[in-house]
Every structure is written in C-alpha cells, then in structure tokens.
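Working notes, beginning with the structure itself.
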Amino acid sequence: MHGGILAAPPTGDLWAALSAAPLPVAEASAWVTVPSCGAVVTFTGTARDHAPGRPDVHRLEYEAYEGPAVARLESLGRELRLRWPDLGRVALLHRTGAVALRDAAVVVAVSSPHRSAAFEAARFGIDELKRTAPIWKREFWAGGQSWGLEAQVPSPVGTGGDA
C-alpha cells in the first residue's frame, strides 16, 4: 500500500512495500518473528541532520517509481531467500514523500534460526535495496535543496557493487 497506514500481509513470508505514511518499525520486527527462528535483525534507516557538504539538513523527501520499486523489493526478498534458505520472514519497507528528522525512511527486518544468517541477510538487504531500488532522496538543508549525493542507477538485485 502506498498512501495509507501500512499493514503486514495476512499470509506469506515477504512484506515488501512503499508507504507515504510513517513506517511501522515495531510491527515489522514483530511480524518477522516466527517460532522456528531464534534471531531477528531489524535495520531502521532514519533521516539525519547532515550529509557530506550539507550541514543542517532539516527534511528529506523520497520519490519512487512505484511499480518497479515494489517489484525490486520483491525480487530482493526472493534473492535473500536464495542466499539464506533458512530465513523465516522478510520485511522490506521504504517511505515516500516527506520524512522528518529521526523518522524511519527504510526498514529491513529478517528472521532466521541463527543470528549470523539474520545479520548477514539484513546487511545484504539494506545494501541491495539502496543500490538497486528506483527510489530517490531529496535533501533540504540550510543552504538549499537537492537530490541526494549518492544517487545511483538501479541495477538488478544480486549483481554486485558496493553500497
């Protein structure tokens, strides 16, 4: 769901979504928790007050090419499962629109029977999401506004590259 309150899917093991509403961080972490998994790792990326050469950032805005962005998140969920077959559930959520300082812009949550796979999958998940999803950030700071400095051309999930 893009515009309203974001709710977890009633079935399945992947929650991939964009939302203009605040991201449900606690709900994502709770949703990935399943009885077969003893490890849950949740990464939350929040809006911060600076970027290189841009002090006093006071707001971010995200734009996404919605259909392809959600498809990319779903593809990333499948790739995570291929690389870590024992994963329980995966949540890949990203904000669109205006994001205030300290608000969550992105959430990657995974569960796994063991912590090493959960940490590795969450790290790969956020790195690939930032590297491949057609989602762009605009920063507003004391000296002006502009698109994020690390904007990248989206590429297929799992094809390499450092994030």
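Residue indices begin at 1 and follow the sequence shown. No hydrogens, no waters, no symmetry mates; every other heavy atom, side chains included, goes into these values.
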Can you measure from CG (D49) to CG (L60) and round to the nearest 0.5 angstrom? 10.5 Å
At their closest point, which heavy atom of S112 faces which heavy atom of A117, and how far apart are they? OG-CB, 3.4 Å
Have a look at D13 and tell me which of R81, R78, R89 forms a salt bridge (charged side-chain N to carboxylate O under 4.0 Å, His left out) with it. R81
Output for pair (L101 CG, R59 CZ), nearest 0.5 Å, gives 11.0 Å
Does the H94 side chain pair with the main chain of A105, one donor and one acceptor, at a distance under 3.5 Å? yes
May I ask you to decide if the ring planes of H58 and F140 are parallel, tilted or perpendicular, using 30° and 60° as cut-offs? tilted
With L14, the side-chain contact (heavy atoms from CB on, under 4.5 Å) member among L87, L76, V90: V90
Exercise: identify the closest heavy-atom pair between G77 and L92: N-CD1, 3.7 Å
For A28 and A109 the tightest heavy-atom approach is O-CB, 4.1 Å
For V41 and A122 the tightest heavy-atom approach is CG1-CB, 3.5 Å
If the condition is side chain to side chain donor-acceptor pair (under 3.5 Å), which residues does W31 pass it with, not counting sequence neighbours? none
What do the steps show when you test V40 against S29 for side-chain contact (heavy atoms from CB on, under 4.5 Å), and what is the final call? CA-CA 7 Å; V40 170; S29 188; 3.8 Å; yes
So, taking the atom named CD in E120 and the one named CZ in R83, what distance separates them when rounded to the nearest 0.5 Å? 11.0 Å
Find out if a path of hydrophobic residues (ILVMFWY) with successive side-chain heavy-atom gaps under 4.5 Å connects V34 to W84. no
Contacts satisfying salt bridge (charged side-chain N to carboxylate O under 4.0 Å, His left out) that involve residues 26-40 (not counting sequence neighbours) are none
Measure across L18 and I135 and return the closest heavy-atom pair with its distance rounded to 0.1 Å. CD2-CD1, 3.9 Å
Minimum heavy-atom distance R95-A21, with the two atoms named: CD-O, 2.9 Å
Could you tell me whether R123 and D127 have a side-chain N and a carboxylate O separated by less than 4.0 Å? yes
Neighbour count above 12 (heavy atom, 6.0 Å) for E63 CD: no
Checking side-chain contact (heavy atoms from CB on, under 4.5 Å) for the pair W15/L6: CA distance, chi angles, key distance, verdict? CA-CA 10 Å; W15 183 7; L6 195 58; 3.9 Å; yes
Applying ring-ring contact (aromatic ring centres under 6.0 Å, His included), name anything that partners W141, two or more places apart in sequence or on another chain. none
Worked verdict on S146 versus R54 for side-chain contact (heavy atoms from CB on, under 4.5 Å): CA-CA 10 Å; S146 185; R54 296 178 177 176; 3.4 Å; yes
